[in-house]
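Below, all heavy atoms of this structure are taken into account, side chains as well, without hydrogens, waters or symmetry copies. Fair warning: this is a prediction, and the values are worked out from it, not measured in the lab. Each chain gets a letter, A, B and so on, in the order the sequences are listed, and its residues count up from 1.
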Amino acid sequence: MRLSQYFMPILRDDPKEAEIVSHRLMLRSGMVRQEAAGNYSWLPLGFRVLKKIEQIVREEQDRAGAIEVLMPTIQPADLWKKSGRYEAYGKEMLRIQDRHGRDMLYGPTNEEMITDIFRQGVQSYKDMPRNLYHIQWKFRDEVRPRFGVMRGREFLMKDAYSFDVSREAGQHSYNKMFVAYLRTFARMGLKAVPMRAETGPIGGTDSHEFLILADTGESQVFFDSDFLTMDLKDIDYDDVAKVAATVDYFTSAYAATDDKHDPKEFEERVPEARRVAGRGIEVGHIFFFGTKYSEPLGCEVQGADGKKVFVQSGSYGIGVSRLAGAIIEASHDQAGIIWPEPVAPFSVGLINLKAGDSETDAACAKIYAGLEAKGIEVLYDDRPGTPGTKFAVMDLIGLPTQVIIGPRGLKDGIAEVKDRKTGARQNVALDALSAHFSA
RNA sequence: CGGGGUGUAGCGCAGUCUGGUAGCGCACCUGCCUUGGGCGCAGGGGGUCGUCAGUUCGAAUCUGGCCACCCCGACCA
């Protein structure tokens, strides 16, 4: 993409409403625009990031055997009245009426709807287990939205729902999602720590939340430093014992948010040198809730013995739009964002230091075309301007690699390649540049 | 929902106390110049001063209502 043809309204000054760093940087880099409290438009740069995050989430859900669907944002209230949550959910649920006066709502979550979909489509244990998910906008009318996209009222969430014939089978479904979450966050360059959690309004028996570590996170977390070195091996999701062992492994070490933290247990279980107190941001939450929704909604299947049983379910959420902010919280510096490669809006920022000069223009055009031809996503700053401004903007938007072309380097036939994260620069011969990026 | 705060140009702000018809920096437009870390010079465009009402000869400024947004606390992907 040529910057001269792009839409990227960057700001030099911090908008005053943005206190938290990710919010500031998202506004300054022109990723989002606020429309109302907790309600954002995603501009081109931000939208690219959102799509990348979404795609990683999707791929890992698919790999774990979940099947993608898409449910509407607007739901009829009937099912919620059956489950009892129409009253229970409170003011957080945005209630609306259609022209006929029929009660509708903007979905804050989808347990009722998906359970009804499953009930209607499956009658036999032979069609189980199943896990259906979608990635859709949700609305929760938070008392106090804040922190930019990290606590919006409208937000993009991946929510998956598992259906099993027994509690034991359901446990495996839960475990698969647990592992899929670890993989998902790791792929985004994040350290995610799973912690035992309250089940809250979703209800249920077993629940974990996943927090990624960031100094500016809103929750205080206490954990065993072993988490930082735990590695996830490739896993066969059909291997029930192995998946369970992985979950056991990742839940064996101490980890708790401040409200669940037990200082005494912390000291007993974790040697002093491994005790870490840090901050984190919740980006995922999984629940097992058994028959909580299948019973009121009449979701039964016929078992091998011919008897009907209520299906066992869990639900599994990842805050996709929240992740965009959370990743910035976890990865930035004074100059701006530092995108982990897998979620970066572009991989390479190409800087033409003397746009308008036929030599640098020609060199940049060639490099741009060459990298694009290799499938590398390049944002090419082809606009006239001073070097300082260009560098500052490129640092702000945080693309992993910068390729800098100027008259000085061209004279020697070299480009400067800068790593955004480390700041390390190296000179690369122009004719070796293409090869440099295939490595 | 309780407490605090802010609304003046795209962004950041001054002006409000003491009423006289709106200004600065950045950004933007034109021209010249410059180009290796937020250049320089000259010229220019852009604002129902959140909104409604009141006081006044006259309101960004004083009074009252309303709205929006932000921050701190109790709740959440």
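Here, B/G15 and B/C72 have their P atoms 26 Å apart, quoted to the whole Å. Annotation: B/G5 and B/G10 have their P atoms spaced 27 Å apart (nearest Å). Rounded to whole Å, the P atom of B/C52 lies 15 Å from the corresponding atom of B/C67. For the C1' atoms, the distance from B/C62 to B/C69 is 25 Å, rounded to whole Å. Here the separation of B/U8 from B/G47, taken at their P atoms, is 15 Å to the nearest Å. Distance noted for atom P between B/C39 and B/G20: 38 Å (whole Å). With C1' as the reference atom, B/G38 and B/C26 are 10 Å apart, rounded to whole Å.
Counting any heavy atom pair closer than 4.0 Å across all strands shown, A/I404 reaches a base atom. Counting any heavy atom pair closer than 4.0 Å across all strands shown, A/L11 reaches sugar-phosphate atoms only and no base atom. If you check every strand for non-hydrogen atoms under 4.0 Å, A/G388 touches sugar and phosphate atoms only. Here A/G325 lies out of heavy-atom contact (under 4.0 Å) with every strand. Residue A/V143 is classed as a base contact, given a heavy-atom separation below 4.0 Å to a base. Within 4.0 Å (heavy atoms only), A/E142 reaches at least one base atom of the nucleic acid. No engagement by A/K138 is indicated, since no non-hydrogen atom pair under 4.0 Å with the nucleic acid exists. Residue A/R33 is classed as having no contact, given no heavy-atom separation below 4.0 Å to the nucleic acid. Using a 4.0 Å heavy-atom distance criterion, A/A18 is classed as making no nucleic acid contact.
Atom pair A/L27:CG and B/G12:P shows a separation of 10 Å (rounding to whole Å applied).
The list of ring pair (Phe, Tyr, Trp, His ring centres under 6.0 Å) pairs with a residue in residues 412-434 of chain A, not counting sequence neighbours, is empty. Among residue pairs with one or both ends in residues 336-350 of chain A, those qualifying as side chain to side chain donor-acceptor pair (under 3.5 Å) are A/E341-A/S347; sequence neighbours excluded.
In this model, the phosphate group of B/C70 is approached by a side-chain N or O of A/Q34 to a distance below 4.0 Å at OP1 or OP2. For B/C1, one of the phosphate oxygens OP1 or OP2 lies less than 4.0 angstrom from a side-chain nitrogen or oxygen of A/K91.
Taking the six-membered ring where the residue is Trp, A/F346 and A/Y6 present perpendicular rings, their angle passing 60° and hence far from 30°. Taking the six-membered ring for Trp and thresholds of 30 and 60 degrees, A/F118 and A/F163 have nearly parallel ring planes, at less than 30 degrees apart. In this structure, A/Y174 and A/F288 have perpendicular ring planes: the angle between them is above 60°, well past the 30° mark. By the 30° and 60° cut-offs, the orientation of the rings of A/H261 relative to A/Y254 is perpendicular. Relative ring orientation between A/W80 and A/Y89 is described as perpendicular, the plane-to-plane angle rising above 60° on a 0-90° scale split at 30° and 60°. Between A/H208 and A/F178, the ring planes lie perpendicular to each other; the angle is over 60°, past the 30° to 60° tilted range.
Of the candidate nucleotides B/C72, B/C70, B/G38, B/G38 has the atom nearest to the side chain of A/V393. Minimum atom distance to the side chain of A/I10 is reached by B/G38, of the listed B/C69, B/G38, B/U35. Distance from the side chain of A/T386 is smallest to B/C39 among B/G12, B/C39, B/G37.
The base of B/G12 has none of its N or O atoms less than 3.5 Å from a complementary donor or acceptor on the side chain of A/D14. Contact of A/R144 with B/G3 (side chain to base): no donor-acceptor pair of N or O atoms is detected under 3.5 Å. A donor-acceptor contact under 3.5 Å links the side chain of A/R425 to the base of B/G37.
Mapping A/P145 and A/G319 onto RNA chain B via the closest heavy atom, the residue that lands nearer the 5' end is A/P145.
Base pairing annotation: B/C17 forms no Watson-Crick or G-U wobble pair, as no partner gives both donor-acceptor distances under 3.5 Å. Here B/A27 sits opposite no nucleotide as a Watson-Crick or G-U wobble pair (both hydrogen-bonding atom distances under 3.5 Å). Searching all strands for a Watson-Crick or G-U wobble partner of B/G64 with both distances below 3.5 Å returns B/C52. As the counterpart of B/C1, B/G73 is assigned, both hydrogen-bonding distances of the Watson-Crick or G-U wobble pattern falling under 3.5 Å. Remark: B/G45 base-pairs with no nucleotide; criterion is Watson-Crick or G-U wobble with both hydrogen-bond distances under 3.5 Å.
Formation of a donor-acceptor pair under 3.5 Å by the A/T360 side chain with backbone atoms of A/N352 is not found in this model.
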Using the 3.5 Å cut-off, write out each protein N or O paired with an N or O of nucleotides 22-30 of chain B and the distance between them.
residue : atom : partner : partner atom : Å
B/G25   : N2   : A/D13   : OD2          : 3.1

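With centres under 5.5 Å and a plane angle under 30°, the ring of A/F155 is stacked against the base of B/A77.
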